Protein chains: 2
Amino acid sequence: MDAVDTHILNILRDNARISNAELARTVGMAPSAVLERVRKLERKGVIERYEARINPKEVGLSLTAFTFVHVEEGVGTLDTGQKLAALPEVLEAHYTAGSASYLLKLRVSDTEGLAQLLQRIGRIEGVRDTNSTIVLRTLKETSAPAVVETP
Amino acid sequence: MDAVDTHILNILRDNARISNAELARTVGMAPSAVLERVRKLERKGVIERYEARINPKEVGLSLTAFTFVHVEEGVGTLDTGQKLAALPEVLEAHYTAGSASYLLKLRVSDTEGLAQLLQRIGRIEGVRDTNSTIVLRTLKETSAPAVVETP
DNA sequence: CATGAAAGTCATCACGA
DNA sequence: TCGTGATGACTTTCATG
C-alpha cells in the first residue's frame, strides 16, 4: 500500500467505471502495471466490490429510517440479527454496544411501507421492541472517505 | 423504466465494472442499445454514480459509530448540518425528525479517533450535544436493495 | 515490479429498419 | 428503440528489463 495504491483507490472510489487505460494515464504508469495493482487490491480484499449507486427516489424508495431493534439477550441473539439482515428493505444491520441491540438502516416507499416493515420485524423471534428515527433530508451519503496512506 | 432497465440496474448495482458487451449479452440485447439505456439512466439521475467499495479496516478505519447530534433550533440549523457533513470522517449526515437533530455515520481508526472527532464536532457552532452508538459488528452494509419495476 | 508489444475484445457512432 | 457493421481504443497476457 504505497502512494500509487491510495491514488488508485481514491479514483476508483469515486468512479468505478473508469477504463484501466485512463486510470493508468492519471496515475502515470503503464496500463499493465496498474491493472496488476488493481487485481492485487481486489484479491487482498482492499477493494470489496464495485457498485452503482441508484437514486432511491427514482425506484420508489422515498423514505429512509434508522431503527434500533432491542433483542432478548441470549443464545439466539445472532440468529435474530441474521434474520433482520436478510430483509431486503434493510440496507445495513449493525450489532451495537449498549443494551443488546441492532441498528438498522431502512429504505421503504412511504410511512405505510415502514409500518408494515416494522410489523414484520416485530414478529421476528427474539425481537423485543423497536425505536425508529425518520430521515427528513439526507445531506451526505458516501461509503468511504478519501483514502490516506496507511503504512 | 421497464423490465430491461430494472435488470440493467440490478446488474450494475452489484457489478459496476462489468463491460457493456457482457451486460448486453446478459440482458439479451445489442451493445449499442444497452449502452444507450445506461446513458439515459445516468442522465435521468437514476444511476447517481459508480463507486468502489473499500474495506474500511484495510485502510485503517476500524471503528464505525452512529452519532446523534442535537443542534440548537433556529436560523443556523442547516449551516450546522453542512459543517457536519463536510467532515471527512462523516460518511453520512441525515437531518432527522424529532428534536432538531442530525444522525451521522462515522468511520474512524479507533476510540481515540472517535474522541477527537466528537470534540471537533462539539466545537461546531450550533451543536448542543452528541449521543454516540458504537458498532461492534456489521452484519450487512449495502447501498440499495434489489430494484423492482416501478411504473 | 514495471514496460512494451501483440491479439483479441470492446466502446461508440452512423445508418436502416 | 433496436440491430448491424466499421473503426479506433482498450484490455489482457506475456516476454523481457
Side-chain angles (χ1 to χ4, degrees), chain A residues 1-61 142-144 146-151, chain B residues 1-61 143-151:
Chain A
M1 282 280 299
D2 58 7
V4 177
D5 281 340
T6 61
H7 195 179
I8 289 173
L9 286 176
N10 279 319
I11 292 167
L12 288 175
R13 182 177 57 94
D14 289 331
N15 181 13
R17 259 180 100 73
I18 190 177
S19 75
N20 183 64
E22 198 181 335
L23 182 59
R25 276 193 295 271
T26 310
V27 302
M29 288 190 354
S32 52
V34 172
L35 185 62
E36 197 175 322
R37 278 173 178 267
V38 172
R39 294 275 180 266
K40 192 168 290 181
L41 289 168
E42 291 170 356
R43 252 184 288 119
K44 285 206 306 175
V46 179
I47 298 174
E48 292 179 339
R49 44 198 271 263
Y50 304 97
E51 57 182 38
R53 256 205 196 256
I54 294 165
N55 188 329
K57 289 187 184 161
E58 293 283 347
V59 293
L61 298 172
T142 59
S143 69
V147 179
V148 292
E149 217 169 330
T150 50
Chain B
M1 281 280 300
D2 58 5
V4 177
D5 281 338
T6 63
H7 195 180
I8 289 173
L9 287 177
N10 279 319
I11 293 167
L12 288 176
R13 183 177 56 93
D14 289 330
N15 181 13
R17 259 179 99 73
I18 189 175
S19 75
N20 182 66
E22 197 181 336
L23 182 59
R25 277 193 293 272
T26 310
V27 303
M29 286 189 358
S32 56
V34 171
L35 186 63
E36 198 173 323
R37 277 174 178 265
V38 171
R39 294 278 179 263
K40 193 168 289 182
L41 288 168
E42 291 171 355
R43 248 183 292 118
K44 285 206 306 173
V46 179
I47 297 174
E48 291 179 340
R49 43 198 266 262
Y50 303 97
E51 57 182 39
R53 252 201 201 260
I54 293 164
N55 189 330
K57 287 185 186 163
E58 294 283 347
V59 293
L61 297 173
S143 69
V147 179
V148 293
E149 218 168 330
T150 48

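In this text, all values refer to a predicted model and were calculated from it rather than measured experimentally. Here is the naming used below: chain letters follow the sequence lines, and residue numbers restart at 1 for every chain.
- Looking at the side chain of B:R25, the nearest of the listed nucleotides C:dC10, D:dT12, C:dA2 is C:dC10.
- Nearest to the side-chain atoms of A:R37 among the listed nucleotides D:dC2, D:dT13, C:dC1 stands C:dC1.
- If you check distances only, the side chain of B:S32 does reach the base of D:dT4 with a donor-acceptor pair under 3.5 Å.
- In this structure, of C:dA2, C:dA11, D:dC2, it is D:dC2 that holds the atom nearest to the side chain of B:M29.
- Between B:I18 atom CD1 and D:dC10 atom P the separation is 20 Å, expressed in whole Å.
- Ion pair A:E42/A:R39 flagged as a salt bridge, since at least one NZ, NE, NH1 or NH2 atom sits closer than 4.0 Å to an Asp/Glu carboxylate oxygen.
- Among D:dT13, C:dA2, D:dG3, the nucleotide with an atom closest to any side-chain atom of A:A33 is C:dA2.
- Within the 4.0 angstrom heavy-atom criterion, only backbone atoms of the sugar-phosphate kind lie near A:A21; the bases stay farther away.
- Look at CD on A:E36: it is 12 Å from P on D:dC14, rounded to the nearest Å.
- The closest side-chain heavy-atom distance from B:V46 to B:D5 is not below 4.5 Å.
- Under the 4.5 Å side-chain criterion, counting only non-hydrogen atoms from C-beta, A:N55 is not in contact with A:V59.
- Atom C1' of nucleotide D:dT1 and atom CG of B:L35 are separated by 14 Å, given to the nearest angstrom.
- Listed nucleotides C:dA2, D:dT12, D:dT11 differ in distance to A:S19; the shortest reach to its side chain belongs to D:dT11.
- Rounded to whole Å, the distance from CG on B:N20 to C1' on C:dT9 is 13 Å.
- Distance from the side chain of A:A30 is smallest to C:dT3 among D:dC2, C:dT3, C:dT12.
- Nucleotide D:dA9 holds its C1' atom 12 Å from the CD atom of A:E22, rounded to whole Å.
- Heavy atoms of B:K40 sit under 4.0 angstrom from primed sugar atoms or phosphate atoms, though from no base atom.
- Considering A:R13, A:R17, A:R49, A:R53 in turn, A:R53 is the only one that fulfils the side chain to side chain donor-acceptor pair (under 3.5 Å) rule with B:E51.
- Using a 4.0 Å heavy-atom distance criterion, A:R17 is classed as making no nucleic acid contact.
- Distance, A:L23 CG to D:dC10 C1': 13 Å, rounded to whole Å.
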Under the side chain to side chain contact (heavy atoms under 4.5 Å, CB included) criterion, do B:L41 and B:L12 qualify, and how do the steps go? CA-CA 11 Å; B:L41 288 168; B:L12 288 176; over 6 Å; no

